[in-house]
Structure formats: structure tokens, C-alpha cells
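Okay, so here's the structure we're looking at.
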Amino acid sequence: MRELVPYIPGEQPRIPGLVKLNTNENPYPPSPRAVAAIAEAAREGLQLYPDPESTLLREAIASCHGIDAGQVFPGNGSDEVLAHAFFAFFQQARPVLMPDVTYSFYRVYCRLYDIQLQLLAVDSALQIDVANYAGRPAGGVVIANPNAPTGSALPLAAIERLLQSQPDCVVLVDEAYVDFGAQSAMPLIGRYPNLLVVHTLSKSRSLAGLRVGFAAGQRHLIEALERVKNSFNSYPLDRLAVAGAVAAYEDRDYFEQTRQAVVRSRDEVTVQLWRLGFDVLPSSANFVFARRAGHDAAELAARLREHGILVRHFRQPRIDQYLRISIGTTAQCDALMQALRLLLPAA
Ligand SMILES: *Cc1c(COP(=O)(O)O)cnc(C)c1O
């Protein structure tokens, strides 16, 4: 236990009025239909256990993505789904391959389950080169697409090359941010028995507080995940979570409106950061990853905090001069730019 190194989530301060751009939550509230469905579910049936299979949710997800309900494995946030997937597929004699710059929880799961890993360096522009993954002995591959915390996305053709180059192990593609502008690998599920795609409702569906995510893949992979889950917790999704998540999938208009608003704001923030002298990686996510030459990133994050604005800084080799800034509402983005103009007057 002393050797476990837990994941450290972004700060969730209880100070009111802070502009919270540090954990990639959606700045917009969830669909009103989701909120109404949760209230309705709370009125009836909470004395009973929920459906252990979350059938209604599987069906809603399947119909949204054009797959079978049997190809969907829902869980208590995608973090739980990822943990089960690491446990189910990556305890192998060979290491699991992943980028050196990516979602830091992957390394935590490896430590928890004693899984060997091999980090493959992203290039000097912090991009994943899938050619690096070919021909290496691997017990699995995990990548985030778009990647975190860079926001960079790979095209579907690159994902397909990766799947073809590692046909004998599970290739897990974490698409937490895919709805903000990347191509989903979901259409490849039918053709690649080793593909597992993981989604969350925490980002593009504004439901981080509800804890819902899922994996999609061929039936044999989903069955393995079900075995792990049923050896751990029969009811990871409560009645309120299923009701809210189903309604969120049904409200497609709201989903479209809010994700497009985030994408528009992201593109505006990118241009405004350029004007202030930042390097900004092209982002396909609901955040930007940016650095400003001549200004230490940790220092800048601390100064922004004094102005009531939280952003994320990672004390990690290669990326410690970058800030990850979540896209907020228009007002929050304006507050960010105003504070930055004060802190970087000579830009
Ligand atoms: C936010 C995030 C998750 C976790 O999502 P939850 O469903 O809230 O657990 C997983 N992967 C990546 C890359 C993320 O950024």
C-alpha cells in the first residue's frame, strides 16, 4: 500500500466565485431533460436496487452510436471502466504501450494491478506517432484520442494503422473528448476484435457529477468486462445515474448546442492566446494546452489563481511549461483573458 501512487484530480475548491478552468468540466449545465429525469427517478423506486445491467442505458448508448446494446459496457464514470479494462486485458507478460504524455491515471492503474508499461515518447510537437507502436512486443496499447492534456487528435486512419500493427492485444482508445472535434473509432468496432473505445458523459454531456462512462467493443471484450464488474460491484450505476444519462442521450439538440458553443469558445480563446504571445497546441478537445515563452507556467498558474482563475499545471517532464486551460462560458473565457492581459502587459 505504501508503494501505491494515487491519481491526483484537479482541485475542487469550495470558494464561491472562482473561475474554474482546471478540470475540463463542461461550463454548461446538463440537459434540463436529464435533470428532470433524475428528479423523477428520485421520486420512485430508490428503495429498490437498480438494474444490474443498466439495460436502458446500454440501449440509449447503442442507438446513439449505431452499435448493439451487447457491445456496450457502462460503468461508474469512465475511470471505473478504464480500471476494469486494465484489469481484464493488460495483465500480460508483455508491457502495455502508451504515450509518455497522456492521461496520468493510466500509470496509476498499472501500478495498482502490477501491470508492466512502456512509455513511448510523443514527438517534439507533443504528437503521438503511431508508427512507434508497430512491431513492439505489447500486452496492450492505450491512447487517449484526443490526447490529454495536449488536446491533439489522431485521424481515424492512424487509429486503424495502430489496430493493424498490434492485432494480438487489446487497443484501448479513450475518447473522453472526442465530441469536441475528433473522429471516433466507434465505426471500426465491427472490424477489429481488439478495439475497445471508452467514452464518458462527464465532458461533452455535462454530467461529471453523475459518474457515467462506458466502453464499446465486440461482445467478447464486453463479456470480459462484465465478469470483472460482477466480481467487484453488481450495481455500479444507480437509478438516478441511469435515468439522467438516458435522458442526456435523448436530448440531441441540447448536446449539439452546448458542444458547438464550447468549440466556438475554444477557437476564440486560441486566437486570443496567440495574440498574447502564447504557443497553443491545436486542440480538438474542450481545453487548450498553451505555453508563454519567458513566463514560468507554475508561476503564471499561481498568479491566475490570485485573480480567482484556476487552470491546471502539471509538474511533469516535457510539459511543465504548459498550462491546461479548460474552456468555460463566454464570461469565464473573458475573465481569463482579462487576467492574462494584466499579468502579461507587454505582449
Ligand atoms: C475526464 C477523463 C476521464 C474520466 O472521465 P470520468 O468518466 O469522469 O471518470 C477519462 N479519460 C480522460 C482522458 C479524461 O480526460
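Because only heavy atoms are used, hydrogens play no part in the values below, and waters and symmetry mates are left out as well, while side chains stay in. One-based numbering, in listed order, for ligands and for the atoms of each.
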*What atoms in ligand 1 come closer than 4.0 Å to a heavy atom of S202?*
6 (P), 7 (O), 8 (O)
*asked:* Distance under 4.0 Å to a non-hydrogen atom of D174: what atoms of ligand 1 satisfy this?
replied: 10 (C), 11 (N), 12 (C), 13 (C)
_Determine whether Q272 and E268 satisfy the following criterion, side chain to side chain donor-acceptor pair (under 3.5 Å), listing intermediate values before the conclusion._
CA-CA 6 Å; Q272 289 172 350; E268 279 164 26; 5.5 Å; no
*asked:* What protein heavy atom lies closest to atom 15 (O) of ligand 1? Include the residue and the distance to one decimal.
replied: Y177 OH, 2.5 Å
*At the 4.0 Å heavy-atom cut-off, does S78 count as touching ligand 1?*
yes
_Tell me whether R211 reaches ligand 1 (any heavy atom closer than 4.0 angstrom to a ligand atom)._
yes
*asked:* As an exercise, identify every atom of ligand 1 less than 4.0 angstrom from a heavy atom of K203.
replied: 1 (C), 2 (C), 3 (C), 14 (C), 15 (O)
*Ligand-side contact atoms (ligand 1) for residue partner T200, heavy atom cut-off under 4.0 Å*: 5 (O), 6 (P), 7 (O), 8 (O)
*Could you tell me how the ring of F86 sits relative to the ring of F90: parallel (under 30°), tilted (30 to 60°) or perpendicular (over 60°)?*
perpendicular
*Do any nitrogen or oxygen atoms of Y106 come within less than 3.5 Å of a nitrogen or oxygen of ligand 1?*
no
*Answer with yes or no whether the hydrophobic clustering places V170 together with L97; edges join I, L, V, M, F, W, Y residues whose side-chain heavy atoms lie under 4.5 Å apart.*
no
_Can you list, by chain and residue number, the hydrophobic cluster partners of L310 when the side-chain cut-off is 4.5 Å?_
I15, L18
*So, is Y103 polar-close to ligand 1, with some N/O to N/O distance under 3.5 Å?*
no
*Which atoms of ligand 1 have any heavy atom of G77 under 4.0 Å away?*
7 (O), 9 (O)
_Y106 vs V96 side-chain heavy atoms within contact, under 4.5 Å_ = no
